[in-house]
Amino acid sequence: MTSDNDRRRGLLARLRGRPVARSRGRRRLGAAVRLIAALTLAGGAYTVFAPGVQAQENPPMSAAAGEGKALFDVSCVTCHGRNAQGVEGRGPSLIGVGSASVEFQVGSGRMPLARQEAQAMRKPPQFTDEQVRQLGQYIQELGGGPQVPAGNNLHEGANISAGGELFRINCSQCHAFGGRGGALSSGKYAPNLKPASDRQIYAAMLSGPQNMPVFGDNQLRPEQKAQIIAYIQENLKHNQDQGGFSLGRYGPSTEGLAAFLIGIVALVFASLWIAGKS
């Protein structure tokens with residue numbers, strides 16, 4: 001009798017335990033199904049929206065930038081790397097330098113470099129003005145940066161007198177009062193401004209090549225840059241030396257030598273003449 005009761009109780013216990021086991025299994029199965037569904041939904045959402053985000057981050061280039069990229073891949077990629085990221089020991093990254101830096105360096109023939117020197121020398125440019133603009137547009141769209149205003153005459157109507165004052169305050173220390181340039185430290189120098197165009201001067205002020213400081217719009221307003229360019233182009237380049245002989249515009253060294261050779265020698269002869277008369 002006792003064994004029958006025990007078997008009945010065991011059977012009832014097993015019957016009662018089945019729904020519990022089934023409910024646990026169903027919950028686990030439901031959780032697995034929900035997890036798979038969530039992963040599938042997340043993957044689908046990424047597939048749908050990721051190309052749109054990438055397209056926004058890398059917008060299509062303009063036609064000019066596309067032409068510039070073709071030129072870059074042929075002439076510049078060796079030193080500046082793919083996508084202008086730079087190559088260690090050869091050339092710096094161009095991301096963020098803007099089209100202004102390209103216009104100055106490439107438009108003046110300083111780039112591409114003939115050889116590694118303390119400073120890139122001006123030489124006949126290897127690209128036409130249109131190609132320079134295309135290269136600049138490619139670098140501009142690649143990483144942004146300062147840009148030169150449109151047009152070739154950037155000083156029309158500017159105040160030349162105000163430009164002279166600004167030039168003497170900000171530029172004459174390196175480029176000399178006559179704009180002929182001068183020596184700097186470590187084999188570098190401030191170049192002669194005579195062959196520079198309006199756009200090259202403006203680009204140099206925006207980009208600050210070599211030892212030159214950057215004169216952004218916070219340092220010199222656009223109208224002040226135009227005034228400096230007007231002074232350089234209309235005064236310095238036309239040899240208007242209101243003060244007399246320019247002596248080559250080489251600065252105080254030439255003036256000191258002239259004073260010694262002419263002034264001191266004249267005084268010596270005058271002294272000898274006076275002594276002879278007495």
Side-chain angles (χ1 to χ4, degrees), residues 57-62 64-149 154 170-171 173-175 181-193 195-220 222 225 228:
E57 292 178 351
N58 300 309
M61 289 185 175
S62 63
E67 295 292 336
K69 184 180 186 305
L71 292 169
F72 182 92
D73 290 342
V74 172
S75 303
C76 314
V77 69
T78 303
C79 294
H80 295 287
R82 293 192 176 275
N83 298 321
Q85 299 288 339
V87 177
E88 186 176 357
R90 292 185 181 179
S93 170
L94 301 180
I95 303 300
V97 303
S99 61
S101 180
V102 177
E103 282 206 43
F104 175 80
Q105 299 288 358
V106 181
S108 64
R110 290 175 168 86
M111 294 290 166
L113 276 175
R115 56 186 178 274
Q116 291 290 341
E117 296 178 302
Q119 181 166 327
M121 297 181 62
R122 186 183 187 97
K123 56 186 183 294
Q126 298 186 21
F127 298 92
T128 64
D129 290 343
E130 182 180 3
Q131 290 174 328
V132 171
R133 303 283 178 87
Q134 290 170 349
L135 280 168
Q137 187 63 29
Y138 169 62
I139 297 301
Q140 185 66 38
E141 295 187 15
L142 196 64
Q147 291 180 280
V148 180
L154 302 180
N170 297 284
C171 315
Q173 294 89 340
C174 296
H175 293 281
L184 302 175
S185 61
S186 303
K188 298 181 180 180
Y189 59 91
N192 186 354
L193 299 177
S197 66
D198 284 20
R199 296 187 65 85
Q200 290 170 4
I201 298 172
Y202 204 112
M205 287 190 279
L206 287 178
S207 59
Q210 300 296 149
N211 280 15
M212 182 173 173
V214 175
F215 293 98
D217 290 345
N218 292 329
Q219 288 76 32
L220 289 173
K225 292 184 178 69
I228 292 176

Query raised in the report: Does the side chain of Q105 come within less than 4.5 Å of P209's, by heavy atoms?
Result: yes
Query raised in the report: Which atom pair, heavy atoms only, marks the closest approach of G136 to S99?
Result: O-CB, 3.3 Å
**Report entry** Shortest non-hydrogen contact from L154 toward D198
**Finding:** N-OD2, 2.9 Å
Report task. Check the pair L94 / L142 against side-chain contact (heavy atoms from CB on, under 4.5 Å), numbers first and verdict last. Result -> CA-CA 9 Å; L94 301 180; L142 196 64; over 6 Å; no
Requested in this report: Applying salt bridge (charged side-chain N to carboxylate O under 4.0 Å, His left out), name anything that partners D217, two or more places apart in sequence or on another chain.
Outcome: K225
Report summary line: For V106 and V132 the tightest heavy-atom approach is CG1-CG2, 3.9 Å
Query raised in the report: Is the number of heavy atoms from other residues, nucleotides or ligands under 6.0 Å of E117 CD greater than 12?
Result: yes
Query - Test item: side-chain donor near acceptor, S197 and R199, under 3.5 Å - result: no
**Report entry** Nearest atoms (heavy-atom pairs only) where A118 meets S186
**Finding:** CB-O, 3.6 Å
Query - Taking every non-hydrogen atom, the tightest pair across M205 and L220 - result: SD-CD1, 4.3 Å
Query raised in the report: With the threshold set at 4.0 Å, does a side-chain nitrogen-carboxylate oxygen contact exist between D129 and R133?
Result: no
Query raised in the report: Side-chain donor-acceptor pair under 3.5 Å between R122 and Q200, yes or no?
Result: yes
Query raised in the report: So, for Q137 and A64, which heavy atoms are closest and what is the spacing to 0.1 Å?
Result: CG-CB, 4.1 Å
